[in-house]
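Before any comments, here is the structure.
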Amino acid sequence: MLLKDIPGVLTREQIAKARMLMNKAPYVDGRATGATLGKAVKQNQQVRMGGEDAQALLDMVRDALLDREEFTGAAFPMKMHLNFNRYADGMFYGRHNDAAIVGPSMAEAVRTDVSFTVFLAEPDDYDGGEMVIYTDHGEEEVKLAAGDAIVYEGSTVHEVRPVTRGARLACFGWAQSFIRDPRQRAMLARYRHMRMDIIRDHPDSPHLDELGNIYNNLMRMWSAT
Ligand SMILES: [Fe+2]
(Lines give C-alpha, C1' and ligand atoms only; values in the text may rest on other atoms or scores of the structure.)
Protein backbone atom coordinates (compact mmCIF):
# COMPACT_ATOMS: atom_id res chain seq x y z
CA MET A 1 0.00 0.00 0.00
CA LEU A 2 1.22 3.46 -0.81
CA LEU A 3 2.33 5.33 2.30
CA LYS A 4 5.25 7.61 1.79
CA ASP A 5 6.97 10.53 3.54
CA ILE A 6 8.54 13.02 1.17
CA PRO A 7 10.88 15.39 3.01
CA GLY A 8 11.48 19.00 1.98
CA VAL A 9 8.78 19.38 -0.67
CA LEU A 10 8.56 23.11 0.14
CA THR A 11 11.45 25.49 0.82
CA ARG A 12 11.53 27.79 3.89
CA GLU A 13 10.52 30.66 1.63
CA GLN A 14 7.55 28.78 0.21
CA ILE A 15 6.41 27.74 3.68
CA ALA A 16 6.59 31.38 4.81
CA LYS A 17 4.50 32.48 1.80
CA ALA A 18 1.83 29.88 2.50
CA ARG A 19 1.72 30.81 6.19
CA MET A 20 1.36 34.48 5.33
CA LEU A 21 -1.67 33.69 3.20
CA MET A 22 -3.14 31.53 5.95
CA ASN A 23 -2.82 34.39 8.44
CA LYS A 24 -4.95 36.73 6.37
CA ALA A 25 -7.13 34.39 4.31
CA PRO A 26 -10.86 34.11 4.82
CA TYR A 27 -11.80 30.70 6.22
CA VAL A 28 -14.90 28.58 5.92
CA ASP A 29 -16.03 25.91 8.32
CA GLY A 30 -14.44 22.65 7.12
CA ARG A 31 -17.74 20.88 7.67
CA ALA A 32 -18.96 22.55 4.47
CA THR A 33 -16.98 20.03 2.43
CA GLY A 34 -17.00 16.94 4.61
CA ALA A 35 -18.24 13.64 3.19
CA THR A 36 -21.61 12.55 4.54
CA LEU A 37 -20.23 10.94 7.69
CA GLY A 38 -17.35 13.41 7.80
CA LYS A 39 -19.64 16.31 8.63
CA ALA A 40 -20.47 14.75 11.99
CA VAL A 41 -16.83 14.20 12.92
CA LYS A 42 -15.10 17.17 11.28
CA GLN A 43 -14.17 20.38 13.06
CA ASN A 44 -11.58 22.45 11.25
CA GLN A 45 -11.22 25.46 9.00
CA GLN A 46 -10.44 25.61 5.28
CA VAL A 47 -9.29 28.59 3.26
CA ARG A 48 -12.18 29.91 1.17
CA MET A 49 -11.24 29.19 -2.41
CA GLY A 50 -11.61 31.50 -5.35
CA GLY A 51 -9.06 34.16 -4.42
CA GLU A 52 -6.11 34.63 -6.76
CA ASP A 53 -3.60 34.63 -3.89
CA ALA A 54 -4.78 31.28 -2.61
CA GLN A 55 -4.83 29.76 -6.09
CA ALA A 56 -1.26 30.92 -6.82
CA LEU A 57 -0.04 29.29 -3.60
CA LEU A 58 -1.96 26.08 -4.25
CA ASP A 59 -0.34 25.97 -7.70
CA MET A 60 3.03 26.45 -5.99
CA VAL A 61 2.44 23.43 -3.72
CA ARG A 62 1.10 21.34 -6.62
CA ASP A 63 4.17 22.14 -8.75
CA ALA A 64 6.52 21.37 -5.83
CA LEU A 65 4.92 17.93 -5.49
CA LEU A 66 5.03 17.33 -9.24
CA ASP A 67 8.74 18.13 -9.13
CA ARG A 68 9.40 15.12 -6.92
CA GLU A 69 9.96 11.70 -8.41
CA GLU A 70 8.86 10.15 -5.08
CA PHE A 71 5.41 11.63 -5.76
CA THR A 72 5.00 11.33 -9.51
CA GLY A 73 6.60 7.86 -9.61
CA ALA A 74 4.17 6.55 -6.98
CA ALA A 75 0.96 8.47 -7.71
CA PHE A 76 1.12 8.82 -11.53
CA PRO A 77 -0.99 11.98 -11.16
CA MET A 78 -3.38 13.00 -13.93
CA LYS A 79 -5.15 15.86 -12.13
CA MET A 80 -5.15 17.25 -8.62
CA HIS A 81 -7.30 19.19 -6.20
CA LEU A 82 -5.77 21.04 -3.22
CA ASN A 83 -6.74 23.33 -0.36
CA PHE A 84 -5.30 24.71 2.87
CA ASN A 85 -6.65 23.89 6.31
CA ARG A 86 -6.16 24.93 9.90
CA TYR A 87 -6.85 23.10 13.17
CA ALA A 88 -6.69 25.02 16.48
CA ASP A 89 -8.54 25.21 19.81
CA GLY A 90 -9.46 21.55 20.07
CA MET A 91 -10.36 21.12 16.39
CA PHE A 92 -10.08 17.63 14.93
CA TYR A 93 -11.23 15.37 12.12
CA GLY A 94 -12.30 12.00 13.49
CA ARG A 95 -12.08 8.66 11.67
CA HIS A 96 -13.50 9.07 8.19
CA ASN A 97 -13.28 8.16 4.50
CA ASP A 98 -12.69 10.87 1.96
CA ALA A 99 -15.35 11.43 -0.69
CA ALA A 100 -14.60 9.45 -3.86
CA ILE A 101 -14.91 12.53 -6.09
CA VAL A 102 -13.92 16.08 -5.09
CA GLY A 103 -13.55 19.42 -6.84
CA PRO A 104 -15.32 22.73 -7.27
CA SER A 105 -17.21 21.75 -10.45
CA MET A 106 -17.94 18.80 -12.72
CA ALA A 107 -15.28 19.99 -15.15
CA GLU A 108 -12.67 20.01 -12.37
CA ALA A 109 -13.82 16.81 -10.62
CA VAL A 110 -10.98 14.64 -9.31
CA ARG A 111 -11.30 10.99 -8.26
CA THR A 112 -9.45 10.68 -4.95
CA ASP A 113 -7.07 7.82 -5.78
CA VAL A 114 -4.13 9.27 -3.83
CA SER A 115 -4.30 11.63 -0.82
CA PHE A 116 -1.59 13.91 0.49
CA THR A 117 -0.89 16.44 3.22
CA VAL A 118 1.97 18.94 3.11
CA PHE A 119 2.67 20.18 6.64
CA LEU A 120 3.07 23.95 7.06
CA ALA A 121 3.54 24.19 10.85
CA GLU A 122 6.47 22.70 12.75
CA PRO A 123 5.60 19.83 15.12
CA ASP A 124 6.69 22.04 18.07
CA ASP A 125 4.16 24.72 17.08
CA TYR A 126 1.22 22.62 18.27
CA ASP A 127 0.24 19.71 20.50
CA GLY A 128 -1.93 16.91 19.16
CA GLY A 129 -2.99 17.14 15.52
CA GLU A 130 -1.35 13.83 14.58
CA MET A 131 -2.66 12.28 11.41
CA VAL A 132 -3.53 8.62 11.92
CA ILE A 133 -3.83 6.40 8.84
CA TYR A 134 -5.37 2.96 9.31
CA THR A 135 -3.57 0.47 7.09
CA ASP A 136 -3.75 -3.31 6.60
CA HIS A 137 -0.75 -3.49 8.92
CA GLY A 138 -2.10 -1.31 11.74
CA GLU A 139 -2.14 2.39 12.52
CA GLU A 140 0.44 4.82 11.20
CA GLU A 141 0.78 8.04 13.19
CA VAL A 142 2.18 10.94 11.21
CA LYS A 143 3.36 14.39 12.32
CA LEU A 144 6.00 15.78 10.01
CA ALA A 145 8.24 18.84 9.82
CA ALA A 146 6.99 21.91 7.95
CA GLY A 147 7.53 21.42 4.24
CA ASP A 148 7.34 17.60 4.39
CA ALA A 149 4.53 15.62 2.76
CA ILE A 150 2.75 12.39 3.56
CA VAL A 151 1.23 10.57 0.58
CA TYR A 152 -1.20 7.69 1.07
CA GLU A 153 -3.99 5.77 -0.62
CA GLY A 154 -7.22 7.76 -0.93
CA SER A 155 -9.14 4.61 -0.02
CA THR A 156 -7.85 4.48 3.58
CA VAL A 157 -9.74 5.40 6.75
CA HIS A 158 -7.83 8.15 8.56
CA GLU A 159 -8.19 10.93 11.12
CA VAL A 160 -6.57 14.05 12.57
CA ARG A 161 -6.39 14.04 16.37
CA PRO A 162 -7.55 17.11 18.34
CA VAL A 163 -5.13 20.05 18.47
CA THR A 164 -4.78 21.03 22.13
CA ARG A 165 -2.23 23.86 21.77
CA GLY A 166 -1.22 26.13 18.91
CA ALA A 167 -2.35 25.68 15.32
CA ARG A 168 -1.79 22.92 12.78
CA LEU A 169 -1.54 24.42 9.30
CA ALA A 170 -1.39 22.24 6.22
CA CYS A 171 -2.05 21.99 2.52
CA PHE A 172 -4.02 18.88 1.71
CA GLY A 173 -5.37 17.35 -1.45
CA TRP A 174 -5.85 14.46 -3.80
CA ALA A 175 -4.59 13.21 -7.11
CA GLN A 176 -6.57 11.26 -9.65
CA SER A 177 -4.07 8.77 -10.98
CA PHE A 178 -3.49 7.68 -14.56
CA ILE A 179 -3.41 4.19 -13.01
CA ARG A 180 -6.72 3.66 -11.28
CA ASP A 181 -6.12 0.25 -9.68
CA PRO A 182 -3.91 0.60 -6.58
CA ARG A 183 -2.30 -2.83 -7.16
CA GLN A 184 -1.32 -1.92 -10.72
CA ARG A 185 -0.12 1.47 -9.47
CA ALA A 186 2.06 -0.13 -6.79
CA MET A 187 3.49 -2.64 -9.26
CA LEU A 188 4.28 0.03 -11.85
CA ALA A 189 5.90 2.20 -9.18
CA ARG A 190 8.20 -0.67 -8.14
CA TYR A 191 9.02 -1.48 -11.76
CA ARG A 192 9.78 2.16 -12.55
CA HIS A 193 11.99 2.44 -9.47
CA MET A 194 13.90 -0.74 -10.33
CA ARG A 195 14.35 0.36 -13.94
CA MET A 196 15.79 3.70 -12.80
CA ASP A 197 18.21 1.88 -10.47
CA ILE A 198 19.35 -0.32 -13.36
CA ILE A 199 19.78 2.71 -15.64
CA ARG A 200 21.94 4.29 -12.92
CA ASP A 201 23.98 1.20 -11.98
CA HIS A 202 24.21 -0.54 -15.37
CA PRO A 203 23.89 2.20 -18.00
CA ASP A 204 25.33 -0.11 -20.69
CA SER A 205 23.01 -3.02 -20.01
CA PRO A 206 21.64 -4.53 -23.25
CA HIS A 207 18.32 -5.10 -21.45
CA LEU A 208 17.42 -1.43 -20.97
CA ASP A 209 15.48 -1.17 -24.22
CA GLU A 210 13.37 -4.17 -23.33
CA LEU A 211 12.77 -2.95 -19.75
CA GLY A 212 11.70 0.45 -21.08
CA ASN A 213 9.48 -1.13 -23.68
CA ILE A 214 7.68 -3.27 -21.08
CA TYR A 215 7.28 -0.28 -18.73
CA ASN A 216 5.74 1.91 -21.42
CA ASN A 217 3.51 -0.87 -22.71
CA LEU A 218 2.20 -1.52 -19.20
CA MET A 219 1.55 2.22 -18.85
CA ARG A 220 -0.33 2.20 -22.17
CA MET A 221 -2.33 -0.86 -21.16
CA TRP A 222 -3.32 0.34 -17.68
CA SER A 223 -3.57 4.12 -17.97
CA ALA A 224 -6.89 5.85 -18.44
CA THR A 225 -7.64 9.39 -19.48
FE1 LIG B 1 -9.62 12.97 4.97
Side-chain angles (χ1 to χ4, degrees), residues 1-6 9-10 18 22 25 27-49 54 57-58 61-62 65 71 74-105 108-121 123 126 128-144 146-164 167-177 180 182 185-186:
M1 196 200 90
L2 171 61
L3 183 72
K4 195 185 267 288
D5 291 4
I6 309 180
V9 169
L10 298 178
M22 294 189 74
Y27 284 92
V28 294
D29 188 327
R31 278 174 282 196
T33 58
T36 315
L37 177 62
K39 284 182 185 177
V41 295
K42 185 179 189 185
Q43 278 186 33
N44 72 354
Q45 297 174 311
Q46 291 170 190
V47 168
R48 189 167 69 220
M49 296 315 296
L57 288 169
L58 290 174
V61 178
R62 182 202 59 207
L65 276 167
F71 180 71
F76 301 95
M78 174 162 65
K79 44 187 177 170
M80 293 163 72
H81 176 67
L82 299 89
N83 200 347
F84 293 106
N85 65 9
R86 178 176 183 273
Y87 293 76
D89 309 321
M91 291 178 193
F92 64 95
Y93 197 170
R95 277 181 71 126
H96 68 281
N97 299 285
D98 292 340
I101 310 278
V102 297
S105 66
E108 294 169 276
V110 169
R111 191 182 59 239
T112 55
D113 296 322
V114 174
S115 302
F116 53 84
T117 294
V118 183
F119 290 78
L120 294 170
Y126 59 100
E130 299 86 1
M131 172 159 230
V132 183
I133 301 165
Y134 296 88
T135 77
D136 300 343
H137 310 291
E139 298 177 18
E140 289 283 342
E141 197 177 286
V142 182
K143 187 169 180 175
L144 301 179
D148 293 4
I150 179 79
V151 182
Y152 56 102
E153 291 293 340
S155 57
T156 53
V157 172
H158 52 272
E159 70 176 297
V160 175
R161 294 213 173 108
V163 170
T164 55
R168 176 195 193 273
L169 308 176
C171 179
F172 67 101
W174 299 271
Q176 178 167 331
S177 178
R180 181 177 185 167
R185 201 158 58 235

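Indexing begins at 1, ligand by ligand and atom by atom, following the structure's order.
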Candidate pair F71 and F116, rule ring pair (Phe, Tyr, Trp, His ring centres under 6.0 Å), full reasoning
CA-CA 10 Å; F71 180 71; F116 53 84; 5.8 Å; yes
Atom pairs and distances, donor-acceptor, side-chain atoms in residues 129-136, under 3.5 Å, two or more places apart:
unit_1	atom_1	unit_2	atom_2	d
Y134	OH	E159	OE2	2.5
T135	OG1	H137	N	2.9
T135	OG1	G138	N	3.3
T135	OG1	G138	O	2.8

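- Within the protein, the number of N, O or S atoms lying under 2.8 Å from the Fe ion (ligand 1) is 3.
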What do the steps show when you test L65 against M80 for side chain to side chain contact (heavy atoms under 4.5 Å, CB included), and what is the final call?
CA-CA 11 Å; L65 276 167; M80 293 163 72; 4.1 Å; yes
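- With sequence neighbours excluded, the residues that form a salt bridge (Lys or Arg N to Asp or Glu O under 4.0 Å) with E141 are R161.
- For the pair K143 and Y126, the distance from NZ or CZ to the six-membered ring centre is under 6.0 Å and the angle to the ring normal is within 45 degrees.
- Judged as a side-chain contact (heavy atoms from CB on, under 4.5 Å), and not counting sequence neighbours, the contacts of E153 are M1, L2, S155, T156, P182, R185.
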